[in-house]
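First the structure, in the form of structure tokens, and then the observations on it.
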There are 2 protein chains.
Amino acid sequence: MSLRHGLLGLLAEGPASGYDLSRRFQEVLGALWPAQHPKIYAELGRMVDGGLIDIDSHGPRGRKAYRITEAGRAEVRRWLTQVDVDHTVRLEALLRSYFFWLMEPDDLARHLAREAEFYTEQAAIYRAYAERKDAGEFGSTPQVQSMRITIEGGVRVYEALAEWARWAATYKLPAAADGGAPEDGTANSDDG
Amino acid sequence: MSLRHGLLGLLAEGPASGYDLSRRFQEVLGALWPAQHPKIYAELGRMVDGGLIDIDSHGPRGRKAYRITEAGRAEVRRWLTQVDVDHTVRLEALLRSYFFWLMEPDDLARHLAREAEFYTEQAAIYRAYAERKDAGEFGSTPQVQSMRITIEGGVRVYEALAEWARWAATYKLPAAADGGAPEDGTANSDDG
DNA sequence: CAAGGACATGTCCCTTAGTACATGACTGGA
DNA sequence: TCCAGTCATGTACTAAGGGACATGTCCTTG
């Protein structure tokens, strides 16, 4: 249910519409906590019903800006201080690595090169963002300082993954495995 | 749909039951790719229907061991070589950090200390595992080498997060933010 | 004034994730 | 022999994720 608290947290900075919130989620958090607009609009509706937010104003094109209520502020604080962090990680890249022995060495080398490139790029995007912040481009409000910490996390995680992919490329896998069961080598497959 | 391919990958090492697969998913992959047993049993059933696996043997207590078929082997190879990696990351810890400005400095310090401790422990668990492998305790089949790469990924990601949490604890947040909208500081909350 | 693009909100539906519940077989020790 | 613990499989239900589709407004520019 962290989407709810993410939205509340953003609204704690000031009123915003579902459209605004969608964009802000994509901007910085997009690669760390994806959220599609259908979920956001639905959650906003539920939070209005629950009294955590209310409608601040109506704008052009049916725009509705939401404002956090005291109950909403209390709820996001409760989440931050009293709810245990969900430490679930779900990295498909690491799941795949468990099965590298099923890949041809050439395919694996290509795969790892592409992975390293991807993570390096992501890290660079975040690092550039961090540098703009450190240069004072966005001011130094508490909100900006918090965002800076989030960005630093992104940089570090993506750099770790990039280095991992490069390390893995140098790690010698014994052979181009066939995929047969190791205990009783019966299976034989000659297809590609 | 990576659960399917994860199961197929494990079955490529040799026949196993749903129970075995559940445990193996928890063992190494548990912290990197969670999978609950209801999902596993359901997916196994679907894969039997689809001809990707079949029943190898029946054991005591209704145990059913599954065996991968040629179609299954082809499918997991196709996944590894032709399907793009899903780079989605979902780190609640980083989402929360975006809202650190809403926390009292004391709460935040405690939070970051606990986070650092958690990630350090996770990294240590993986590192110990890696060392046992490097000492040759599990042999050096291609499967073990692949697992070694996965474990290295776990070590690096968790170490990165641990270092991030320690870094964040030293990063100066300007003030114990009130949570009022910065544009018009109206809200006042005196509750804890 | 027409057309394209960004703004803006939503529904529908299918898949996936995850918790709780239910059932029963075998095993080892008190 | 009973009981606890582990092995083993599954259903049912709820919540969350995510793509596709639908609708309409406002703004700029040719």
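Excluded from the calculations below are hydrogen atoms, water molecules and symmetry mates; all remaining heavy atoms, backbone and side chain alike, are included. A, B, ... follow the sequence lines: proteins, then strands. Residue 1 opens every chain. Keep in mind that this is a model prediction, so the values were computed, not measured.
- Using a 4.0 Å cut-off, no side-chain N or O of A:Ser22 falls inside it from OP1 or OP2 of C:dA8.
- A salt bridge between A:Arg4 and A:Glu75 is absent, with no side-chain N of the basic residue lying under 4.0 Å from a carboxylate O of the acidic one.
- For the pair A:Asp86 CG and C:dA17 C1', the computed distance is 12 Å after rounding to whole Å.
- Ionic pairing of A:Arg24 and A:Glu13 is present here: one or more N-O contacts between side-chain nitrogen and carboxylate oxygen are shorter than 4.0 angstrom.
- Summarising the geometry, the separation between NZ on B:Lys39 and P on D:dC13 is reported as 17 Å, rounded to the nearest angstrom.
- A salt bridge does not link B:Arg23 with B:Glu27: every distance from a Lys NZ or Arg NE/NH1/NH2 to an Asp or Glu carboxylate oxygen is 4.0 Å or more.
- Position along DNA chain D of the nearest nucleotide to A:Gly62 versus B:Thr88 favours B:Thr88 as the more 5'-ward residue.
- At the phosphate of D:dT9, neither OP1 nor OP2 sits under 4.0 Å from any side-chain N or O atom of B:Tyr19.
- The NE2 atom of B:His58 sits 10 Å away from the P atom of D:dG10 (whole-angstrom rounding).
- When the C1' atom of C:dT16 is taken as reference, atom CZ of B:Arg90 falls 12 Å away, rounded to whole Å.
- When the C1' atom of D:dG17 is taken as reference, atom CG of A:Leu29 falls 17 Å away, rounded to whole Å.
- Between the C1' atom of C:dA8 and the CG atom of A:Leu21 lies a distance of 12 Å, rounded to the nearest Å.
- Taking 4.0 angstrom as the limit, B:Lys64 places a side-chain polar atom (N or O) nearer than this to OP1 or OP2 of D:dG10.
- Using a 4.0 Å cut-off, no side-chain N or O of B:Arg61 falls inside it from OP1 or OP2 of D:dT6.
- The aromatic rings of A:Trp79 and A:His5 sit parallel, their planes meeting at an angle under 30°, below the 60° perpendicular limit.
- Nearest nucleotide to the A:Arg63 side chain, out of D:dG17, D:dC7, C:dT9: C:dT9.
- Spacing between atom CH2 of B:Trp33 and atom C1' of C:dA17 amounts to 11 Å, rounded to whole angstrom units.
- A salt bridge links B:Arg148 to B:Glu152: at least one charged side-chain nitrogen sits closer than 4.0 Å to a carboxylate oxygen.
- Rounded to an integer number of Å, the gap from CD of B:Glu43 to C1' of C:dT15 is 11 Å.
- Comparing A:His37 and A:Pro60 by the nucleotide of DNA chain D that holds the closest heavy atom to each, the one mapping nearer the 5' end is A:His37.
- B:Tyr41 has no side-chain polar atom (N or O) that falls below the 4.0 Å cut-off from OP1 or OP2 of D:dG10.
- Of the candidate nucleotides D:dG17, C:dA8, C:dA20, D:dG17 has the atom lying nearest to any side-chain atom of A:Gln36.
- Among the protein residues, B:Phe25 comes within range of no part of the nucleic acid, since none of its heavy atoms lies under 4.0 Å from any strand.
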